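Working notes, beginning with the structure itself.
The chains referred to below are lettered A, B, ... by the order of the sequence lines, with proteins before strands, and numbering in each begins at 1. Predicted model, so just to flag it, every value in this text is computed and none were measured.
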Number of protein chains: 2
Amino acid sequence: MPQQNVRLTHAERVLKFLKRQERPLSAYEILEALRGDGVAAATTVYRALAKLLETGHVHRIESLNAWTVCRAPHHSEIPVFEICDGCGSVTEHVTSHLARDIAALSADSGFVPDRSVIEIHGRCSDCNRPSSIT
Amino acid sequence: MPQQNVRLTHAERVLKFLKRQERPLSAYEILEALRGDGVAAATTVYRALAKLLETGHVHRIESLNAWTVCRAPHHSEIPVFEICDGCGSVTEHVTSHLARDIAALSADSGFVPDRSVIEIHGRCSDCNRPSSIT
DNA sequence: GTACGCAATGTTACAACATTACATTGATTC
DNA sequence: GAATCAATGTAATGTTGTAACATTGCGTAC
């Protein structure tokens, strides 16, 4: 038996790994971490991420070029990410208000929305304490 | 007199060019277009874009890795981009509703927002007509 | 059981986007 | 005109993402 994870697909391996991370990782960071675990090339990671994205298990953070696990049991709602530029942590929110506002915009312009990227950069409550000027 | 634009900085050249475009362009597209106009390397374009970004003359569209001129006379408001995946056009909006919702999110979590990336992908009214299935 | 089809994976190369490091130039001030 | 400083040039490299094609593994029909 060459390895214990015989029956894990790459997508499963990547997902399992991402779940343990506290911040989004780049595809190449994932690759480095999973070398020796049977993941050999960038292509493999990107293929796994594409699958996980399709199934809603991960999100891509556009403004970081990085990937994170879906932490909100959203039901086709629009995710909103709060990204701390201090510690790198990302919090996922789901609000119907924003969705409503976006729909309202569309009503005016005739634009038909498909997917939304909403990423708010700032500092989390921890990093914003006076004592923790990074 | 070697050229007419002697006293234009690269930033001015890039801005002038971007103003004539209907869609965001990548830095390398800008470079290609402005070769022969004294812009010789990627570095130059990125330096110009950095300045223009700082002064609020251009926006970076994160989900496209592309750059566009600021078309909304926003006054420190949060810009919202509607991006047509059909024709590539981008419309910039400014709404106070979204800003309010984002502030509301923050109030709950203690997160202090700094800059927001809001990019809505979909299809514009033109591209969404039945006659124009791309 | 073997031939076929198909999806997953491997491998290599390359494209696209962005930054670093250091040299050169040109204008301004003293 | 020497010192200074910002803008620019140049080359190399780093990072992110995709293309193209070969190979493998597995289920199904014959």
Between A:Lys51 and C:dT9, does any side-chain N or O lie under 4.0 Å from OP1 or OP2?
-> yes

Partner set under salt bridge (charged side-chain N to carboxylate O under 4.0 Å, His left out) for A:Arg71, not counting sequence neighbours = none

A:Val90 versus A:Glu82: any side-chain heavy-atom pair under 4.5 Å?
-> no

If we only count heavy atoms from C-beta on, is the B:Ile30 to B:Leu18 side-chain gap below 4.5 Å?
-> yes

Whole angstrom value for the distance that separates [atom2] of [N] from [atom1] of [X]:
{"X": "A:Leu53", "N": "D:dT16", "atom1": "CG", "atom2": "P", "value": "17 Å"}
{"X": "A:Leu34", "N": "C:dT9", "atom1": "CG", "atom2": "P", "value": "13 Å"}
{"X": "A:Trp67", "N": "D:dT15", "atom1": "CH2", "atom2": "C1'", "value": "14 Å"}
{"X": "A:Leu64", "N": "D:dT15", "atom1": "CG", "atom2": "P", "value": "16 Å"}
{"X": "A:Glu12", "N": "C:dA8", "atom1": "CD", "atom2": "P", "value": "12 Å"}
{"X": "A:Glu62", "N": "C:dA16", "atom1": "CD", "atom2": "C1'", "value": "15 Å"}
{"X": "A:Arg35", "N": "C:dT9", "atom1": "CZ", "atom2": "P", "value": "17 Å"}

May I have all residue pairs that pass side-chain hydrogen bond (donor to acceptor under 3.5 Å, both in side chains) and include part of residues 21-33 of chain A, sequence neighbours excluded?
-> A:Arg23-A:Glu29, A:Glu32-A:Arg35

For B:Asn65 and for B:Ala11, find the nucleotide of DNA chain D with the closest heavy atom, then tell me which residue's nucleotide is more 5'.
-> B:Ala11

For DNA chain C, which residues in residues 41-49 of chain B have a heavy atom at a distance below 4.0 Å?
-> B:Thr43, B:Tyr46

Going by heavy atoms closer than 4.0 Å, what residues in residues 18-32 of chain A are next to DNA chain C?
-> none

Could you list the residues that satisfy side-chain contact (heavy atoms from CB on, under 4.5 Å) with A:Ala33, not counting sequence neighbours?
-> A:Phe17

Inter-residue atom distance A:Ile120.CD1 - A:Cys84.SG, 0.5 Å rounding = 13.0 Å

Side chain to side chain contact (heavy atoms under 4.5 Å, CB included) assessment of A:Leu15 paired with A:Val69 | CA-CA 7 Å; A:Leu15 182 59; A:Val69 118; 3.5 Å; yes

Is a side-chain donor or acceptor of B:Thr44 paired with a backbone partner of B:Ala40 at a separation under 3.5 angstrom?
-> no

Under 4.5 Å between side-chain heavy atoms, chaining through other members, with only Ile, Leu, Val, Met, Phe, Trp and Tyr counted: pull out the rest of the cluster around A:Val117, sorted by chain and number.
-> B:Val117

Counting side-chain heavy atoms from CB outward, which of D:dT16, C:dT9, C:dA18 is closest to A:His10?
-> C:dT9

